[in-house]
Number of protein chains: 2
Amino acid sequence: MDIKASGELKAGVNLPASGTVSTINDVARLAGVSIKTVSRVMNNEPNVRAETRTKVQEAANLLHYRPNLLARSLAGARSFLIGIFYDNPNPSYINSVQNGVIRRCRENGYHLLIEPQDAHSPDLERNIAGLLATIRLDGVILTPPLCDMAVVLHAVEAAGVPYVRISPFLNPGRSPTVRMDEARAAYEMTQHLIEMGHRDIGFVLGHPEHGGAHLRYQGFTKALSEAGITPRPDWVKQGFFSYESGVDAGKAFFEAGKSRPTAIFSSNDYMAFGIMGVAQQMGIRIPEDVSICGFDDAPGSILIWPHVTTIRQPVEDIAYAAAEVLLARDEGEDGEKRDTDRLLPFELIKRNSVRAI
Amino acid sequence: MDIKASGELKAGVNLPASGTVSTINDVARLAGVSIKTVSRVMNNEPNVRAETRTKVQEAANLLHYRPNLLARSLAGARSFLIGIFYDNPNPSYINSVQNGVIRRCRENGYHLLIEPQDAHSPDLERNIAGLLATIRLDGVILTPPLCDMAVVLHAVEAAGVPYVRISPFLNPGRSPTVRMDEARAAYEMTQHLIEMGHRDIGFVLGHPEHGGAHLRYQGFTKALSEAGITPRPDWVKQGFFSYESGVDAGKAFFEAGKSRPTAIFSSNDYMAFGIMGVAQQMGIRIPEDVSICGFDDAPGSILIWPHVTTIRQPVEDIAYAAAEVLLARDEGEDGEKRDTDRLLPFELIKRNSVRAI
DNA sequence: GCTTTTTTTGACAGCGCTGGCAAGACAAAC
DNA sequence: GTTTGTCTTGCCAGCGCTGTCAAAAAAAGC
């Protein structure tokens, strides 16, 4: 490394042993400037002479200097920490959210703290409030069902921490949100079934605590009524997004001696899998006897035959966008990405579980 | 709240507005003691008079005081932050690990930072070293395949951060580890197949970068040789833990005109699913024509028929135990839980994919 | 009673960094 | 030339807490 190239680093300063952490002081001494100037360079602040900047950067490189995040947080206004709160049993969903958020965080040197919470705990609000008092997070991301809980919103707002909600159902406009248009997706899926000739369509509701469940049902009924089809109440079954609840719904649909729909729209894939499992056991063929479609594009779908027609949610992209809203102020992009309700596109994936009749 | 009950809190001190964060100073003033004493109480240090302790606790409660984690970290020796590094595409595995670690962390007020890494990045070592220099973590948890990579171990050791490896393959004794006995599990699974009358047993190897893959194969061959069975090299197929590689292996096994084993032991469930998918397409019945067993008890197994015989790994418990080793010094339990190689029990789950012949 | 030991408490420095402000350097304007 | 304005840089305080050490208080010993 050619030090002389720009300015002169102080001679005779000991270089660090491997594994030693060097502080801003070491860099300042080596570069022959004040620590404040080093701080300016490390934070990309303006008003530093190009020559000085280079000199500091070289010293920092030489010492393998990395600013101490904790000290920065304590002294400054930012903690470089984003938190994500969730209570969701679906590992693949959570994993996608985490990956999306982390991908965006890394671009700005932020780190991610994960904080699973029990949505039914009576201490939920206290837990969140305590957590936010303990760690001054720069932003919080809320996923369903927490993002629709009054106590959660209240705790985060009281702490004054910026937050973004992913796929909320209630309180639009109360915070920035990122989501896809679930009602629209369900609407289009239903239209697809209708186009395929189905008019006797059953529906399995999702977990009532998840806002998305309601939106999906809304989209379904809207498409039905626009097509002049009157939904049959006994063909709408309550589910809870789980495989087992899908099994129950399937049993109810396929009960002997009853008429059954020609297609069933399940609010998510897991329940669709449950229905398909029951169908197989009862000798009901899919899609020959009943068409099935789901929602979410769950990863298990390649395991079962036929592959289910479903809606793909861009979960990771949504999470990335959510983190983006939180980090936007770093870039100074005020109006553009903040205080928004961002809608990301979904995808209707046609596979083999729906047939034309 | 009866303040007078023990000591007298200072009168005339303003209570905080909702959402305001109070500092150790506020508590000290209200309780009429020095901040150092408050610090002692908050950290459960000895040598505080019971009466004083109560007085401080009441003041802290009244003010909803929560110590600032960042300030504690900077001033003290601990950061209350644990990091987990991973590069694993399996969401359910990662999720279990996270949940186990968090469960243990919460007991001591620690928080979890997740740091997915690209195992094949040329910057891996630099990334980890930089990260550890930026945030002084109190401990790091390494999962496969990172836990077997020299550069990763080197980076963590150079930073002087305590770490625990989950299910490592190489370098036993280099750090505390937590795992289950994968070789033993594979051994017992193979014995089970042999007991069921199988002597012609195929094997699908796992990803060569994952140590567990080798251990599973070792257990397999050991059981075979103990039973006096000579393994056929052409019945050992290379897989990569993915569904697709299982499909490939299945095709190879079931190629027309060739003799095939009566049972196939797949190094994990996803590959077993792939094999079963191929079998179904080719009209090969399971378990009538071929018995199949897997490893890991992947969540998708309830979706496919027959349910696969497999090994259940107590992933969450392993992760919990790993965090425990890291936090053990908080409890002062030196010899007991540190510097150990903890082995957790597995479970052989017999389902319908293996039949006696 | 007094002295010695132990327990309890507080003063103070400082962790590594940033924010505010003022001083110094330099260029532009008069 | 001097004055004004702008750009660079450094000084200092302090973020909220813990570690060290010494002082004060209480308990124990004689």
Side-chain angles (χ1 to χ4, degrees), chain A residues 6-7 10 16 20-56 59-60 63-81 109 132-136 138 330, chain B residues 6-7 10 16 20-56 59-60 63-81 109 132-136 138 330:
Chain A
S6 67
K10 293 274 179 191
T20 311
V21 279
S22 37
T23 71
I24 194 169
N25 238 305
D26 304 328
V27 179
R29 213 172 308 136
L30 180 60
V33 298
S34 75
I35 60 168
K36 180 67 210 188
T37 299
V38 177
S39 171
R40 286 200 183 88
V41 173
M42 298 317 292
N43 289 291
N44 273 314
E45 285 174 28
N47 297 333
V48 178
R49 205 151 39 103
E51 195 189 336
T52 311
R53 193 178 291 274
T54 324
K55 200 167 56 180
V56 169
L63 296 171
H64 299 114
Y65 170 68
R66 304 292 301 254
N68 181 321
L69 199 108
L70 269 24
R72 291 223 276 182
S73 312
L74 189 58
R78 298 180 299 175
S79 70
F80 298 95
L81 253 24
L132 294 177
T134 301
I135 311 189
R136 204 73 208 158
D138 281 347
D330 270 22
Chain B
S6 68
K10 293 273 181 196
T20 312
V21 278
S22 40
T23 72
I24 195 170
N25 240 304
D26 304 326
V27 179
R29 214 172 306 134
L30 179 60
V33 299
S34 76
I35 60 168
K36 181 64 213 189
T37 299
V38 177
S39 171
R40 286 200 183 88
V41 173
M42 299 316 293
N43 289 291
N44 273 314
E45 285 174 28
N47 297 334
V48 178
R49 207 149 39 103
E51 194 189 337
T52 311
R53 193 178 291 273
T54 324
K55 200 167 57 181
V56 169
L63 296 170
H64 299 115
Y65 170 68
R66 303 292 303 253
N68 181 321
L69 199 108
L70 270 24
R72 291 223 275 182
S73 312
L74 189 57
R78 298 180 300 175
S79 70
F80 297 94
L81 254 24
L132 294 178
T134 300
I135 311 190
R136 203 73 206 159
D138 282 346
D330 270 23

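Given the structure is predicted, the values throughout are model-derived calculations rather than measurements. Numbered from 1 within each chain, the chains take letters A, B, ... in sequence-line order. Every heavy atom of this structure was used, including side-chain atoms; hydrogens, water molecules and symmetry mates were not.
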Length of the line joining [X]:[atom1] and [N]:[atom2], which is rounded to integer Å:
{"X": "Met42(B)", "N": "dG16(D)", "atom1": "CE", "atom2": "C1'", "result": "13 Å"}
{"X": "Arg136(B)", "N": "dT18(D)", "atom1": "CZ", "atom2": "P", "result": "19 Å"}
{"X": "Arg78(A)", "N": "dC17(C)", "atom1": "CZ", "atom2": "P", "result": "15 Å"}
{"X": "Glu45(B)", "N": "dT7(C)", "atom1": "CD", "atom2": "P", "result": "15 Å"}
{"X": "Leu70(A)", "N": "dC15(D)", "atom1": "CG", "atom2": "C1'", "result": "12 Å"}
{"X": "Arg53(B)", "N": "dT8(C)", "atom1": "CZ", "atom2": "P", "result": "9 Å"}
{"X": "Lys36(A)", "N": "dT8(D)", "atom1": "NZ", "atom2": "C1'", "result": "12 Å"}
{"X": "Glu51(A)", "N": "dC26(C)", "atom1": "CD", "atom2": "P", "result": "11 Å"}

Phosphate OP1/OP2 of [N]: any [X] side-chain N/O under 4.0 Å:
{"X": "Asn43(A)", "N": "dT18(C)", "value": "yes"}
{"X": "Arg49(B)", "N": "dT9(C)", "value": "yes"}
{"X": "Thr52(A)", "N": "dT9(D)", "value": "yes"}
{"X": "Thr37(B)", "N": "dG10(C)", "value": "yes"}

(request) Starting from the C-alpha separation in whole Å, work towards a yes-or-no answer on side-chain contact (heavy atoms from CB on, under 4.5 Å) for Arg136(B) and Val21(A). (result) CA-CA 10 Å; Arg136(B) 203 73 206 159; Val21(A) 279; 3.9 Å; yes

(message) For Ser34(B) and Leu74(B), find the nucleotide of DNA chain C closest to each by heavy atoms; which residue's nucleotide sits nearer the 5' end?
(response)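 Going by which nucleotide is closer to the 5' end, it is Ser34(B).
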
[X], nearest nucleotide to its side chain (from [options]):
{"X": "Ala75(A)", "options": "dT18(D), dG10(D), dC15(D)", "answer": "dC15(D)"}
{"X": "Asn68(B)", "options": "dG16(D), dT9(C), dC17(C)", "answer": "dG16(D)"}
{"X": "Thr23(A)", "options": "dG16(C), dG10(D), dG16(D)", "answer": "dG16(C)"}
{"X": "Ile24(B)", "options": "dG20(C), dC17(C), dC17(D)", "answer": "dC17(D)"}

(message) Checking Ser79(A) against Ile135(A) for the side-chain contact (heavy atoms from CB on, under 4.5 Å) test, could you report, in this order, the C-alpha distance in whole Å, the side-chain angles of both residues, the deciding distance, and whether it holds?
(response) CA-CA 8 Å; Ser79(A) 70; Ile135(A) 311 189; 5.6 Å; no

(message) On DNA chain D, compare the nucleotides closest to Arg72(B) and Arg40(B); which residue's is nearer the 5' end?
(response) Arg72(B)

(request) Could you tell me whether the side chain of Met42(A) reaches within less than 4.5 Å of the side chain of Val27(A), counting heavy atoms only? (result)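 Result no, sub-4.5 Å side-chain heavy-atom pair not found.
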
(message) For a 4.5 angstrom cut-off between non-hydrogen side-chain atoms, does Thr37(B) reach Lys55(B)?
(response)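 Answer no - side chains too far apart.
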
(request) Select base, sugar-phosphate, or nothing to describe what Pro67(B) touches, counting heavy atoms under 4.0 Å on all strands. (result) sugar-phosphate

(request) Describe the nucleic acid contact of Asn47(A) in one word from base, sugar-phosphate, nothing, applying a heavy-atom distance below 4.0 Å. (result) base

(request) Evaluate side-chain contact (heavy atoms from CB on, under 4.5 Å) for Leu81(A) paired with Leu69(A), printing each intermediate quantity in order. (result) CA-CA 9 Å; Leu81(A) 253 24; Leu69(A) 199 108; 4.0 Å; yes

